[in-house]
Amino acid sequence: MATQLYDRMQNPEKKSIEQFPHLTHEEFKLAGESLCALLQRSTIDYEWKAQDEDETSAQLVIYREIPIDEAAECIDPEEVVFLDEEVDDQESFTRIRGKDAKALVEYHIVLSPSYAVPTLYFNMTIGSAPAGLDLIYKYLVEPNGYKDLMEEVGVMGAISQGNHPINGMVYWFIHPCGTASTLEEWGEGFGVGGGGGGTECITLTNYLQIWLGFVGGCVGLHLPAEAVASQQVEN
């Protein structure tokens, strides 16, 4: 039994997805571990969190810094301390601070307990201030060309806000209501899920890579080029 489990973790493609495109908690963990193996070949900052005694706790956290040209719009002037004697007013501080300001984006990939598909939760902070939806669109959505598409879904658009299913804190997230149908449409082109004999095309090895391609890209989360290149060399 232990040998079989170890073999599945090292070679997750050997274990089929029982109810594609939906994942069990075990399948999600195997898919997450496979993605981590790919991320190890890159410089991306990530953390895999999973507790053996709680299969619902698995999540992949990815950290990213992005340049912010107008970070001063989120800074409280009363909290600013001017260390340079020549910088004694807020306008000067704004010009200097804006040159090298960065925001921290924290992405959490978890399994939705309701939809049984991966869901992307994320927050963006500038200093200690959380970014609002306007800045999310400005710095994460619009640069990737998804603004119109994301705004077409629902009242707020495809980006919603709610409690993280694991840590309970409030995060932005891409609603997973359309994830299963999108995966099915993608897979049908290769005979996956439709009885066409192509189930080998989407496995636990590449499931999250494919998912990231149409979910993560909407908010600036992409597979590192060096990781993809190393995988292509192996194949």
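- Both Ile136 and Ile66 are part of a single hydrophobic cluster, where members link through side-chain heavy atoms under 4.5 Å apart.
- Smallest separation of non-hydrogen atoms from Ser112 and Pro176: OG-CG, 4.2 Å.
- Across Arg64 and Val219, no two heavy atoms sit closer than the pair NH1-O, 4.4 Å.
- Contact of the Gln59 side chain with the Ile109 side chain is not registered, since no non-hydrogen atoms from C-beta on lie closer than 4.5 Å.
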Next on the checklist: Evaluate Thr179 against Thr119 for side chain to side chain contact (heavy atoms under 4.5 Å, CB included), listing each step before the verdict.
Outcome noted: CA-CA 9 Å; Thr179 299; Thr119 305; over 6 Å; no
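- Note: the hydrophobic cluster containing Phe214 also contains Ile174 (ILVMFWY, side chain heavy atoms under 4.5 Å, direct or indirect links).
- Contact record, Tyr207 with Ile202: CD1-CG2, 4.0 Å, taken as the closest heavy-atom pair.
- Put simply, the side chain of Asn123 does not reach to within 4.5 Å of the side chain of Pro130, judged on heavy atoms.
- Under a hydrophobic clustering in which Ile, Leu, Val, Met, Phe, Trp and Tyr are joined whenever their side-chain heavy atoms come within less than 4.5 Å, directly or via other members, Leu133 and Leu140 fall into the same cluster.
- Taking 4.5 Å as the limit, some side-chain heavy atom of Leu39 sits within range of a side-chain heavy atom of Leu223.
- Shortest non-hydrogen contact noted between Trp48 and Cys36 is CB-SG, 3.6 Å.
- Closest approach of Leu120 and Val215 over heavy atoms only: CB-CG1, 4.1 Å.
- The distance from atom CG of Asp54 to atom NE2 of His25, rounded to the nearest 0.5 Å, is 8.5 Å.
- Of all the heavy atoms in Leu111 and Ala116, the pair that sits closest is CD1-C, 3.7 Å.
- No continuous path of ILVMFWY side-chain contacts below 4.5 Å connects Val61 to Phe28, so the two sit in separate hydrophobic clusters.
- One distance of note links CG of Leu38 with CG of Asn206; it measures 10.5 Å at 0.5 Å rounding.
- Using a 4.5 Å cut-off between side-chain heavy atoms of Ile, Leu, Val, Met, Phe, Trp and Tyr, Ile166 falls into a hydrophobic cluster with Val110, Tyr121, Met169, Tyr171, Phe173.
- In this structure, His222 NE2 and Ile62 CD1 are separated by 11.5 Å, a value rounded to the nearest 0.5 Å.
- Ring-plane geometry between Tyr115 and His175 is classed as perpendicular, the angle between the planes exceeding 60 degrees on a 0 to 90 degree scale with a lower cut at 30.
- Taken from NE2 in His108 to NZ in Lys49, the straight-line distance is 6.0 Å, to the nearest 0.5 Å.
- Considering only heavy atoms from C-beta on, Glu33 comes within 4.5 Å of Leu30 through its side chain.
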Item to check | Chi angles and distances behind the side chain to side chain contact (heavy atoms under 4.5 Å, CB included) call for Leu35, Tyr46 | outcome: CA-CA 11 Å; Leu35 181 58; Tyr46 74 95; over 6 Å; no
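- Atom CD1 of Ile210 and atom OG1 of Thr182 lie 12.5 Å apart (nearest 0.5 Å).
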Next on the checklist: Applying side chain to side chain contact (heavy atoms under 4.5 Å, CB included) to Leu208 and Ser34, what does each step give before you reach the verdict?
Outcome noted: CA-CA 9 Å; Leu208 286 180; Ser34 180; over 6 Å; no
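- One finds the OG1 atom of Thr125 at 13.5 Å from the NZ atom of Lys102 (value rounded to the nearest 0.5 Å).
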Next on the checklist: Quick one, Ile68 with Leu135, criterion side chain to side chain contact (heavy atoms under 4.5 Å, CB included). Give me CA distance, side-chain angles, the key distance, then yes/no.
Outcome noted: CA-CA 10 Å; Ile68 299 293; Leu135 293 180; over 6 Å; no
